[in-house]
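What follows is a short report on a single structure.
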Amino acid sequence: MSYKRHLVTSALPYINGVKHLGNLVGSMLPADVYARFLRQKGEEVIYICATDDHGTPAEIAAHKAGLSVKEFCDQSHETQKEIYEGFALKFDHFGRTSSQQNAALTQHFCAKLKEEGFIEEKSDQQLYSIDDERYLPDRYVEGTCPHCGFEGARGDECEGCGKQMEPTELLNPRSSISGSTNIEVRETRHLYIKLSELDGRVRDWLDTRHDFSSLARAIGYKWLDEGLHDRCITRDLKWGVSVDQPGYEGKVFYVWFDAPIGYIGATQEWAEKTGGDWESFWKKPEEVYYTQFMAKDNVSFHTINFPATQLGSGETWKTVDNIKAFNWLTYYGGKFSTSRNHGIFTDKALELLPADYWRYYLMARAPESDDSSFTWADMQGVINKDLADVLGNYVNRLLKFTAKKFDGKVPEAGTWSAAEDKFLTETSALLADYNKHLANCEFRKAMSALRALWVAGNQYLAEQEPWSVFKEDEARAATILRTAFNFLSVIARLSEVVIPFTTEKLQALIHEQDKQGTWVTDMEAELKREAEDRTFEAPSDVLIQKIEDEQIAEFEGTFGSEAA
RNA sequence: GGGGGUGUAGCUCAGUUGGUUAGAGCAGAGCACUCAUAAUGCUUUGGUCGGGGGUUCAAGUCCCUCCGCCCCUACCA
């Protein structure tokens with residue numbers, strides 16, 4: 001594992017609307033924790049994300065809001081960006097797929113694919129709404145199902161009988177945008193990517209993805225084994241990356257084609273902003289380790305479609321080395337639903353509780369092996385026990401007692417004993433676990449190891465009883481408290497990847513703001529640090545406020561406490 | 001319908017290539033301590049590992065089958 005640099009991306013949140021906690025836990029938050037870990041370890045790493053700006057839903061939402069699509073996306077992008085800042089997501093760049101850079105790249109990929117012979121032109125029949133002055137994507141056509149007579153059937157699928165269909169089959173079709181029935185069938189030309197001929201390249205590539213989870217690999221091979229179908233990569237829309245070919249005026253690339261390219265586009269935005277070298281991440285495959293984070297529904301796009309685009313270009317591009325996929329976070333076992341307003345949205349979450357509470361809870365309960373269920377009581381339990389009781393109380397008891405007995409200074413004198421050796425051995429082992437789990441993107445296990453470190457501090461104090469020892473042997477008490485204090489410095493740094501705001505508070509208390517963003521490599525050196533005239537402040541208020549029963553009752557009243 | 005995933009103590013989850021009495025945290029019970037946010041530490045009660053069948057000296061761990069949930073995907077008359 002000696003890569004010069006690391007590239008981290010998380011699935012691009014769609015521009016339309018505020019995302020819910022399920023979106024956060026399945027992509028951006030774990031990516032942030034992982035990127036922070038690598039950064040703190042001193043690795044060269046960039047974490048890139050962006051909003052996925054294109055597509056019909058954005059157009060329609062803009063229309064409803066009385067804004068141009070551009071204005072709407074500008075606003076929505078800023079809204080989302082602010083929320084993510086609230087969660088301390090430390091993107092190196094949070095870009096947009098509607099950037100100039102992405103447009104140029106998307107057109108570039110298409111041109112290269114064409115040169116390599118992987119682009120084909122086909123004619124197709126699509127429904128055109130004369131009153132809306134636009135072609136209607138399948139799911140924006142409603143009508144009567146030709147199979148069962150259900151009147152609210154959509155152009156892609158009938159909710160009445162579950163059958164799939166072509167929108168041209170619908171009886172009495174109408175636009176679900178305007179309700180207009182003034183609809184006609186028009187002939188339209190589109191570009192297709194010939195995945196059917198790219199399967200060899202994709203398969204050979206997949207064979208080399210040794211770090212993929214068995215899940216990601218299985219999904220990839222399944223698609224390949226069934227045979228890839230050519231896919232249309234253009235649409236008759238105004239909003240999107242224009243297709244720069246004769247005869248394609250008024251057409252744009254389909255979102256699934258330009259969205260993943262947005263990872264590269266956003267890296268270019270980053271490069272322009274910072275003076276960084278985007279090519280060192282995307283054009284030097286052997287030097288870079290690339291990790292993608294996403295939810296399980298997104299895996300096939302990242303194992304097949306996007307790699308096919310990259311490989312089919314005939315150029316050298318960095319492809320993904322590890323895909324970390326998540327299951328769903330559910331709300332009391334039911335689905336989070338944007339349309340039905342079920343569950344908790346990210347903007348609201350930040351109003352209710354501090355970002356660190358969400359970050360820790362969501363990582364401790366990350367849906368890694370199966371869907372996991374959010375409940376308010378569970379969150380209260382985790383936060384109050386782990387953050388407030390175990391971590392918060394360690395800080396409080398240690399700093400208050402030391403301040404009282406040693407006048408706000410880190411105690412001097414005293415000698416290292418067997419008790420400290422034992423403490424060192426135990427905490428070193430826990431740190432090794434923590435490192436390993438973070439490096440492997442096993443977030444539940446990582447949080448468990450972190451918590452064990454917090455517990456270790458309390459155990460040490462409980463066993464050594466500095467409050468009793470102090471009465472007979474002040475020097476011994478000094479050693480215990482200094483060791484515990486040094487350990488607090490360690491804990492603060494190791495916790496930063498998940499609870500950065502709390503770490504900031506802690507480091508302010510112990511006057512170690514300069515340690516922000518650093519990691520712990522040598523536990524022995526840390527624990528044996530001398531007093532060095534260090535000072536600190538006793539906390540005036542508790543570090544972690546508990547979540548009260550009344551709050552839980554209120555939240556359950558507001559958001560509901562059962563599955564949808 | 002096909003493929004993949006998942007079902008382990010009341011709850012949330014670990015369980016390496018099958019091998020001693022199935023583990024952790026929370027919740028419950030008991031004890032210790034009093035520095036601390038009635039906090040902490042220690043001890044401890046809970047499981048026929050979704051059901052059934054099979055292979056094996058030995059299966060939560062492999063095979064078959066059935067049931068529940070999740071994701072992807074495909075549909076015939």
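Order of the sequence lines fixes the chain letters, A, B, ..., with proteins taken first and strands second; residue numbering starts at 1 for each chain. Atom set for the values below is all heavy atoms of this structure, side chains included, hydrogens, waters and symmetry mates excluded.
Nucleotide C13(B) holds its C1' atom 13 Å from the CG atom of Asp386(A), rounded to whole Å. Taking atom CG on Asp378(A) and atom C1' on C26(B), their separation rounds to 9 Å, with Å as the unit. Atom pair Asn393(A):CG and A36(B):C1' shows a separation of 4 Å (rounding to whole Å applied). A straight line from NZ of Lys385(A) to P of U40(B) spans 4 Å, rounded to a whole angstrom. Taking atom CG of residue Leu398(A) and atom P of nucleotide A39(B), one finds them 20 Å apart after rounding to whole Å. Taking atom CZ of residue Phe401(A) and atom C1' of nucleotide A36(B), one finds them 11 Å apart after rounding to whole Å. In this structure, Leu450(A) places its CG atom 20 Å from P of A24(B), rounding to the nearest Å. When rounded to the nearest whole Å, the span between CG of Asn384(A) and P of A39(B) equals 9 Å.
Counting any heavy atom pair closer than 4.0 Å across all strands shown, Lys546(A) reaches a base atom. Contacts of Ser373(A) with the nucleic acid, taken as non-hydrogen atoms under 4.0 Å apart, are absent. Within the nucleic acid shown, Val299(A) has no heavy atom closer than 4.0 Å to any nucleic acid atom. Contact annotation for Lys405(A): no contact, since no heavy-atom pair falls under 4.0 Å across all strands. As judged by a 4.0 angstrom heavy-atom cut-off over every strand, Gly392(A) is placed among the base-contacting residues.
Distance noted for atom C1' between G25(B) and U40(B): 16 Å (whole Å). Comparing the C1' positions of G19(B) and G30(B) gives an interatomic distance of 35 Å, to the nearest angstrom. Straight-line distance between the P atoms of U65(B) and U21(B): roughly 31 Å, to the nearest whole Å. Atom name P, nucleotides G3(B) and U12(B): the rounded distance is 29 Å, in whole Å.
Between Phe293(A) and Tyr34(A), the distance from one ring center to the other falls under 6.0 angstrom.
Asp386(A) pairs in a salt bridge (Lys or Arg N to Asp or Glu O under 4.0 Å) with only one of the listed residues (Arg451(A), Lys546(A), Arg365(A)), which is Arg451(A).
Side-chain N/O atoms of Arg451(A) include one lying less than 4.0 angstrom from OP1 or OP2 on C26(B). Of the side-chain N and O atoms in Ser369(A), one or more sit less than 4.0 angstrom from OP1 or OP2 of A14(B). Close to U40(B), at under 4.0 Å from its OP1 or OP2, lies no side-chain N or O of Gln459(A). Distances shown here put every side-chain N or O of Lys445(A) at or beyond 4.0 Å from the OP1 or OP2 atom of A24(B). For the pair Lys296(A) and U73(B), the criterion of a side-chain N or O lying under 4.0 Å from OP1 or OP2 is not met.
Checked by atom type, the side-chain pair Thr319(A)/Trp205(A) shows a donor-acceptor distance below 3.5 Å. In summary, the side chains of Trp328(A) and Asp297(A) do not present any donor paired with an acceptor at a separation below 3.5 Å, with no hydrogens or angles considered. A donor and an acceptor atom, one from each side chain of His302(A) and Tyr263(A), are located under 3.5 Å apart. Looking at Asp356(A) and Thr502(A), their side chains do bring a donor and an acceptor atom within 3.5 Å of each other. Under the 3.5 Å distance criterion, with hydrogens and angles disregarded, a donor-acceptor pair is assigned to the side chains of Gln464(A) and Arg476(A).
For Phe257(A), the ring pair (Phe, Tyr, Trp, His ring centres under 6.0 Å) partners two or more places apart in sequence, or in a different chain, are Phe253(A).
Distance from the side chain of Arg365(A) is smallest to U12(B) among C70(B), C35(B), U12(B). Picking from C35(B), U73(B), U40(B) the nucleotide with the shortest atom distance to the side chain of Trp223(A) gives U73(B). Candidate nucleotides U37(B), C33(B), U40(B) were compared by shortest atom distance to the side chain of Ile544(A), and U37(B) ranks first. The listed nucleotides are C13(B), U37(B), A27(B); the one nearest the side chain of Asn396(A) is U37(B). Of all nucleotides listed (C13(B), A36(B), U40(B)), C13(B) comes nearest to the side chain of Ser372(A). Of the candidate nucleotides C72(B), C70(B), U6(B), C72(B) has the atom lying nearest to any side-chain atom of Asp297(A). When distances are taken from the side chain of Lys222(A) to each of U40(B), C71(B), U73(B), the shortest belongs to U73(B).
Between Ser448(A) and Lys471(A), the residue anchored closer to the 5' end of RNA chain B is Ser448(A), taking for each the nucleotide with the nearest heavy atom. Positionally, the nearest nucleotide of RNA chain B for Glu442(A) lies more toward the 5' end than for the other of Gln545(A) and Glu442(A).
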Report task. Convert the base pairs of RNA chain B into dot-bracket notation, remembering that pairs crossing earlier ones are written with [ ] and that bases paired across to another strand are shown as |; include only Watson-Crick or G-U pairs under 3.5 Å. Result -> (((((((..((((.....[...)))).(((((.......))))).....(((((..]....))))))))))))....

